[in-house]
Amino acid sequence: QVQLVESGGGLVQAGGSLRLSCAASGRTFSDYAMGWFRQAPGKEREFVAAINWDSGYTRYADSVKGRFTISRDNAKNSVYLEMNSLKPGDTAVYYCTAGQLFSLRALTYKYWGQGTQVTVPS
């Protein structure tokens, strides 16, 4: 079992920045690829970013590429999502995920956090 707890969400004006954090506990954190997904009201959950176990490989959704950065600190059992130049379209609940395979697909990830709300007013 892996428990994931997100933090850092909030209300930010367009063009602003937020840094989401996800603290993991349970099994060995470095065994897992980590991802961030988001879900806006009335929409399906969508991929945002993923990082492999040693930070050697990352992938981003086209909609966030160049604005968001995913990183991890295995010594602190944590993964982060630095979000810059935020837009109203980034408004969603953001979920941290852990899985044994690096993937862009939500079904691949076994463990999920409870989510943290990010709101960018238009």
Side-chain angles (χ1 to χ4, degrees):
Q1 273 301 82
V2 176
Q3 293 79 41
L4 302 171
V5 179
E6 302 98 334
S7 60
L11 176 70
V12 61
Q13 297 303 312
S17 299
L18 278 177
R19 188 190 195 214
L20 304 184
S21 299
C22 174
S25 60
R27 292 193 171 183
T28 305
F29 179 71
S30 59
D31 286 347
Y32 294 90
M34 302 297 294
W36 287 95
F37 287 74
R38 66 186 182 186
Q39 188 167 18
K43 295 187 177 181
E44 293 187 354
R45 191 169 296 190
E46 65 173 1
F47 168 77
V48 176
I51 188 167
N52 77 327
W53 73 276
D54 68 352
S55 306
Y57 196 61
T58 57
R59 287 286 301 273
Y60 297 92
D62 287 344
S63 59
V64 307
K65 202 172 293 183
R67 300 188 297 122
F68 290 12
T69 303
I70 189 171
S71 62
R72 67 188 294 165
D73 185 338
N74 287 346
K76 295 183 178 180
N77 289 353
S78 294
V79 63
Y80 309 98
L81 186 68
E82 186 75 33
M83 305 186 295
N84 298 313
S85 302
L86 282 161
K87 306 174 181 179
D90 295 319
T91 295
V93 176
Y94 284 71
Y95 297 92
C96 172
T97 67
Q100 292 189 310
L101 296 177
F102 181 88
S103 173
L104 279 59
R105 298 175 64 239
L107 289 176
T108 307
Y109 290 91
K110 184 175 182 179
Y111 302 106
W112 293 78
Q114 82 289 350
T116 185
Q117 177 71 45
V118 172
T119 303
V120 187
S122 55

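For the numbers below, each heavy atom of this structure counts, side chains included, while hydrogens, waters and symmetry mates do not. Positions are given from 1, in the same order as the sequence printed here.
With rounding to the nearest 0.5 Å, the separation of CE in Met34 from OG1 in Thr58 is 14.5 Å. Rounding to the nearest 0.5 Å places CZ of Phe68 at 8.0 Å from CG of Leu20. One finds the CZ atom of Arg19 at 10.0 Å from the CG atom of Leu81 (value rounded to the nearest 0.5 Å). Taken from CD in Gln13 to OG1 in Thr119, the straight-line distance is 10.5 Å, to the nearest 0.5 Å. Note that the SG atom of Cys22 and the CD atom of Gln3 stand 11.0 Å from one another [nearest 0.5 Å].
For the residue pair Ser85 and Ser17, the shortest heavy atom distance occurs at N-OG, 4.4 Å. Between Val93 and Gly115, the closest heavy-atom pair is CG1-CA, 3.8 Å. Heavy-atom minimum distance, Ala40 versus Ala92: N-CB, 3.8 Å. Between Ser103 and Ala50, the shortest heavy-atom distance links the atoms O-CB, 3.7 Å. Nearest heavy atoms, Phe29 versus Asp73: CE2-O, 4.1 Å. Across Arg72 and Ser55, no two heavy atoms sit closer than the pair CG-OG, 3.1 Å.
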- Query: So Tyr32 and Tyr111, side-chain contact (heavy atoms from CB on, under 4.5 Å) or not? Walk me through it.
  - Reply: CA-CA 10 Å; Tyr32 294 90; Tyr111 302 106; 3.9 Å; yes
- Message: Quick one, Trp36 with Cys96, criterion side-chain contact (heavy atoms from CB on, under 4.5 Å). Give me CA distance, side-chain angles, the key distance, then yes/no.
- Response: CA-CA 5 Å; Trp36 287 95; Cys96 172; 4.0 Å; yes
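For Gln114, the CD atom is densely surrounded, since the number of other residues' heavy atoms within 6.0 Å is greater than 12. No more than 12 heavy atoms of other residues, nucleotides or ligands lie within 6.0 Å of CH2 in Trp53, so this atom counts as exposed by the packing criterion.
A chain of hydrophobic side-chain contacts below 4.5 Å, direct or via other Ile, Leu, Val, Met, Phe, Trp or Tyr residues, connects Tyr57 to Leu104. Cluster membership check: Val48 shares its hydrophobic cluster with Leu86, using side-chain heavy-atom separations under 4.5 Å among Ile, Leu, Val, Met, Phe, Trp and Tyr.
Here the side chain of Thr91 pairs a donor or acceptor atom with the backbone of Val120 at under 3.5 angstrom. With hydrogens and angles ignored, the 3.5 Å screen pairs no side-chain donor or acceptor of Asn74 with any backbone N or O of Ser30. The main-chain N or O of Thr69 is never found under 3.5 Å from a side-chain atom of Glu82 such that the two would form a donor-acceptor pair. A donor-acceptor pair under 3.5 Å is formed between the side chain of Tyr60 and the backbone N or O of Ile70. With Ser78 contributing its side chain and Lys76 its backbone, the two residues share a donor-acceptor pair below 3.5 Å.
In this structure the side chain of Asn77 never reaches within 4.5 angstrom of the side chain of Ser25, judged on heavy atoms. Considering only heavy atoms from C-beta on, Met83 stays 4.5 Å or farther from Arg67 through its side chain. Side-chain atoms of Arg38 and Val118, non-hydrogen and from C-beta on, never get closer than 4.5 Å to each other. Side-chain contact between Tyr95 and Arg45 is present, with at least one heavy-atom pair separated by less than 4.5 Å.
Ring geometry, Tyr109 versus Phe37: the interplanar angle exceeds 60°, so the pair is classed perpendicular (tilted spans 30 to 60°).
Remark: Asp62 engages Lys65 in a salt bridge, criterion side-chain N to carboxylate O under 4.0 Å.
Arg59 forms no cation-pi arrangement with Phe102, by the criterion of a distance under 6.0 Å to the ring centre and an angle within 45° of the ring axis.
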